[in-house]
Amino acid sequence: MDQPWPTGFRFADHTRARHAEVHALLAAGHSRRAVQRQLGMTYRTVKALADAANPGELFRGQWQNRPSILDEYKPYLDDRWSEGCTNAWKLWEEIVPLGYKSSTSASALTYGRSGLRRGR
């Protein structure tokens with residue numbers, strides 16, 4: 001199964017880690033209330049993590065497939081990325097004449113499929 005959130009995304013990595021922690025404590029015989037207290041989570045969070053057989057079930061896609069201000073530039077950015085241009089500033093400079101109106105900080109050229117990501 002394709003992971004909806006690949007590794008390298010803080011949200012996904014954090015969720016996977018918390019899922020593993022909850023399941024390890026439950027497997028060791030701790031109650032859900034004990035896990036809640038030990039990890040400082042709400043009972044509903046522990047329940048959601050415990051009820052999910054794998055972390056992928058927790059990714060409901062609320063941030064996936066949303067329209068982006070970069071959508072109309074993605075084919076161009078894909079092409080440039082495949083050509084070896086991985087400098088986000090340079091790519092931003094190239095799409096501004098094509099009609100891109102946002103600043104680099106607003107978009108941060110977040111473009112996960114091709115590898116462009118906001119600096120951490």
Side-chain angles (χ1 to χ4, degrees):
M1 167 176 101
D2 258 348
Q3 290 284 341
W5 290 93
T7 56
F9 287 88
R10 283 188 304 196
F11 165 77
D13 293 343
H14 180 75
T15 301
R16 286 185 189 95
R18 297 306 256 176
H19 179 269
E21 286 177 307
V22 167
H23 280 265
L25 289 170
L26 291 172
H30 295 277
S31 70
R32 288 184 179 188
R33 291 275 180 208
V35 172
Q36 170 195 349
R37 285 189 302 272
Q38 188 170 340
L39 298 178
M41 296 178 179
T42 67
Y43 187 75
R44 288 183 69 176
T45 301
V46 171
K47 180 180 178 345
L49 291 165
D51 290 346
N54 63 63
E57 293 177 18
L58 300 164
F59 305 131
R60 294 186 179 88
Q62 61 266 40
W63 295 288
Q64 298 172 354
N65 301 319
R66 276 183 15 189
S68 162
I69 57 175
L70 285 172
D71 281 347
E72 66 182 281
Y73 306 100
K74 284 182 180 179
Y76 177 80
L77 292 170
D78 268 341
D79 291 344
R80 291 293 290 131
W81 189 267
S82 342
E83 292 168 3
C85 182
T86 58
N87 183 314
W89 181 261
K90 174 79 172 126
L91 291 169
W92 175 78
E93 287 177 332
E94 292 177 13
I95 61 174
V96 167
L98 299 175
Y100 182 72
K101 303 252 188 279
S102 190
S103 70
T104 56
S105 61
S107 72
L109 289 176
T110 305
Y111 195 51
R113 197 177 99 208
S114 70
L116 291 175
R117 293 194 188 16
R118 177 186 314 252
R120 292 191 175 112

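What you see is a predicted model; the values in this text were computed from it and never measured.
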Calculate, to the nearest 0.5 Å, the distance between atoms [atom1] and [atom2] belonging to [X] and [Y] respectively.
{"X": "Trp92", "Y": "Leu70", "atom1": "CH2", "atom2": "CG", "result": "12.5 Å"}
{"X": "Ile95", "Y": "Arg80", "atom1": "CD1", "atom2": "CZ", "result": "11.5 Å"}
{"X": "Glu21", "Y": "Leu49", "atom1": "CD", "atom2": "CG", "result": "9.5 Å"}
{"X": "His30", "Y": "Leu39", "atom1": "NE2", "atom2": "CG", "result": "9.5 Å"}
{"X": "Leu26", "Y": "Arg32", "atom1": "CG", "atom2": "CZ", "result": "6.5 Å"}
{"X": "Glu57", "Y": "His19", "atom1": "CD", "atom2": "NE2", "result": "7.0 Å"}

>> I'd like to know if Arg16 and Asp13 make a salt bridge, using a cut-off of under 4.0 Å between side-chain N and carboxylate O.
In response: yes
> With distance as the sole test, does Asp78 use its side chain to make a donor-acceptor pair with the main-chain N or O of Trp81 at under 3.5 Å?
Replying inline: no
> Lys90: what forms a side-chain contact (heavy atoms from CB on, under 4.5 Å) with it, not counting sequence neighbours?
Replying inline: Cys85, Asn87, Glu93, Glu94
>> Is there a path of hydrophobic side-chain contacts, each under 4.5 Å between heavy atoms, that joins Val22 and Tyr43?
In response: no
> Which pair of heavy atoms, one from Ile69 and one from Tyr100, lies closest together, and at what distance?
Replying inline: CD1-OH, 3.5 Å
>> Please find the pair of heavy atoms, one from Leu58 and one from Ala48, that lie closest to each other, and give the distance.
In response: CD2-O, 3.6 Å
> When Val46 is tested against each of Arg18, Arg37, Met41 for side-chain contact (heavy atoms from CB on, under 4.5 Å), which residue passes?
Replying inline: Met41
